[in-house]
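One structure is given here, and the rest of the page talks about it.
The sequence lines fix the lettering, A, B, ..., with proteins before strands; numbering per chain opens at 1.
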Amino acid sequence: MLEDLILTVLMTSVPLVYAATGELVVERSGVLNLGVEGMMLMGAVAAFGVAMVSGSLVLGVMAGAIAGMLTASLFGILVLGFATNQVATGLALTIFGTGLSGLAGAPLIGKAIEGLPQISLPVLSDLPLVGKLVFSHDLLAYGAVAMVAVVAYFLKRSRAGLVLRAIGDNHDSAHALGYPVLGVRFAAVLFGGFMAGIGGAYLPLMLTPHWAEGMTAGRGWISLALVVFASWMPWRVLVGALIFGGITIMQLAGQAEGWTVPSQFLSMLPYLATIIVLVLISRNRDFALANSPACLGRAFRPGK
Amino acid sequence: MQGNRIPLILGAILVVAAAAMFLIPKKEQEEVASAEPLKVGFLYLTTPGDHGWTYAHELARQEVQAHFGDKVETTFVENVPEGPDAERVVRELARNGSDVIFGTSFGYMDPMLKVSKEFPDVKFEHITGYKRSGNMATGNIRFYEGRYVQGIVAGMMTKTNKIGYIAPFPIPEAYQGLNAFAIGMREANPNAEIMVIWANTWADPVKEADAAKVLVAQGADVMAQHTDTPAMLQTAEKAGIHGFGQASDMKEFAPNAQLFSSVNNWAPYYIAKIEQVLDGSWTTGEGPDHWAGNTWKGMADNYLELTAFENMPADVKAAAEAAAAKVEGGYNIFTGPIKDNKGKIVIKAGDALDDGRLWSDVFFYAEGIQGEMPG
């Protein structure tokens with residue numbers, strides 16, 4: 001039973017890991033995109049639609065990623081091309097994505113597909129204790145961990161990652177050194193959309209194989225909180241997502257076990273935990289700001 | 001700062017365009033008839049895209065349009081939030097010449113009541129509420145009747161004697177359903193127990209799927225839900241167990257898992273009410289008595305319909321059919337003696353909850369439900 005509960009925790013965390021890791025790269029480049037929820041929804045509806053029509057889940061995931069990128073590119077053009085206010089544009093993107101995904105998804109209502117198959121590695125998944133937990137997931141779940149590793153390596157070890165961080169910390173200096181500030185930021189925004197799109201695609205392809213309007217139900221916002229929670233460090237996103245997923249599942253399991261705590265309070269728990277952690281982190285200023293991109297949310301206008 | 005204007009305007013256009021997607025009334029274009037058609041407006045909480053609550057209302061509206069043809073012109077507004085926005089939309093519909101306005105969510109009650117006093121010639125019909133005035137009536141479906149039949153089937157189907165139940169918010173309607181389910185289950189199987197998860201949402205498919213997985217992990221082999229999406233049934237299908245659909249037929253999502261769905265059928269209610277308006281016999285049953293003069297019907301009148309009993313042995317099917325017939329024959333499910341899960345008698349022998357008390361005296365966990373009631 002515990003094994004099954006932990007498996008559920010892992011699965012419910014996967015979309016958060018994707019969306020938050022993408023947003024982390026965006027923020028490290030100095031751009032704050034509050035439109036994660038909208039990008040996830042666009043990814044979800046595109047993934048479901050394409051998977052249903054084509055019968056291919058791989059195509060579905062790709063469609064989700066592309067839809068997320070297209071939505072993100074709209075944000076990128078406004079924020080980088082026209083230097084609009086990032087907060088306002090990000091919020092508008094969420095509203096836009098919610099509305100458009102609802103419109104596009106209307107014909108998909110009431111349709112069902114088969115979810116992604118789980119990959120059970122024959123010998124390994126029979127191992128006691130860890131076998132089922134480690135070796136019997138879908139490809140996207142393994143992909144989430146891989147993406148965290150890639151992003152962590154990219155930011156810390158690669159030259160391109162260093163440039164991206166430099167742009168996030170001081171876009172004027174980076175510009176003076178000849179780095180393409182807007183180009184790099186646009187690429188980061190697209191990557192954020194790509195990841196949010198995959199995170200969104202995971203919901204209707206894997207977690208519950210149907211499309212429902214607004215089915216992300218706030219998971220985009222949780223992903224944004226996770227980036228701060230992780231103090232902009234990729235591996236901590238993984239930890240944060242697991243904690244959040246763990247508390248979500250724990251409160252459901254607790255209710256089924258008949259815990260005598262009001263269910264409204266239990267439903268609040270994951271969010272409460274997120275807020276508490278955020279408060280704890282920001283109490284220590286040095287810790288909070290250690291990896292915080294100095295130019296986060298500030299528009300860059302070359303030649304000024 | 002001059003240069004900042006264009007992006008700001010662009011941003012504003014994006015916001016307005018996005019907002020406009022939500023609140024534009026959509027009209028069914030009908031041929032203009034010789035006589036002025038009766039104008040009927042509907043307020044929807046979400047879009048029919050929920051494939052649940054609002055979807056059922058939209059199907060009924062289409063049936064209304066088909067039934068009356070050009071005698072009636074229907075309009076609907078989607079995504080109307082409960083509260084001040086609802087008041088604005090209701091007033092707008094009334095001002096634009098609607099003769100009848102149906103509000104399809106509980107939270108429209110007070111806004112509609114307020115506007116009903118400003119427009120005494122307009123007829124207001126509020127779904128699932130309890131306040132009414134000289135020109136505002138109430139309509140509802142006895143959803144709990146279907147859950148009693150579900151309980152009997154669940155009790156007979158379970159091997160583990162553990163049944164999962166995903167509940168929405170702790171409101172009277174949810175307790176009516178949960179307790180009716182438990183009463184039915186215990187009649188069929190006194191050893192079965194219900195594990196309840198209050199999801200505190202009507203529709204969050206991922207959370208519902210998570211709750212269902214948790215229930216499966218804790219040994220449930222039959223699950224029921226009062227939330228709206230097919231997520232729970234899909235989980236049941238994957239886990240190879242059984243469950244019941246909610247609000248609309250969900251067989252497509254779980255062909256091997258669905259035992260049956262309780263389907264809300266609002267069309268007879270809408271048609272009856274509009275006919276009353278057309279022939280001048282429409283009344284409201286104004287007053288404090290909960291359902292006097294108003295519409296609260298169930299399985300007997302096809303307001304609540306059960307889909308085909310499937311994926312169950314013949315004896316369970318026979319029991320389900322017998323239970324359905326009993327309810328249709330007028331049997332009161334909340335007939336004493338009924339005990340709560342601590343063994344205390346909550347409805348005495350010889351007593352039964354009438355329509356008024358079904359809204360005030362249902363706050364208990366009937367025998368067979370595990371745990372404590374939420375706050």
Within-4.5 Å side-chain heavy-atom neighbours: A:Q255 and B:V196: no
Under 3.5 Å donor-acceptor, B:Q370 side chain and A:E257 backbone: no
Distance-minimising heavy-atom pair for A:K111 and B:E252: CA-OE2, 4.3 Å
Heavy-atom proximity to chain A below 4.5 Å, by part of B:Q234: side chain
B:A220 versus chain A, the contacting section by heavy-atom distance below 4.5 Å: neither
Euclidean distance, A:Q251 CD relative to B:I197 CD1, rounded to 0.5 Å: 8.0 Å
Point-to-point distance, once rounded to the nearest 0.5 Å, from CE of A:M215 to NZ of B:K207: 15.0 Å
Value rounded to 0.5 Å, distance of CG in B:D210 from OG1 in A:T208: 9.5 Å
Under 4.5 Å from a heavy atom of chain A, the part of B:A217 involved: both
Pairs of heavy atoms under 4.5 Å with chain A: top-ranked of B:S248, B:A167, B:A231, B:A209: B:A231
A:I249 CD1 to B:K213 NZ distance, which is reported to the nearest 0.5 Å: 7.5 Å
Value rounded to 0.5 Å, distance of CZ in B:F253 from NE2 in A:H210: 6.0 Å
Contacting region of A:A256 [heavy-atom separation from chain B under 4.5 Å]: both
Between B:M232, B:E237, B:E372, B:Q218, the one whose heavy-atom pairs under 4.5 Å with chain A are most numerous: B:Q218
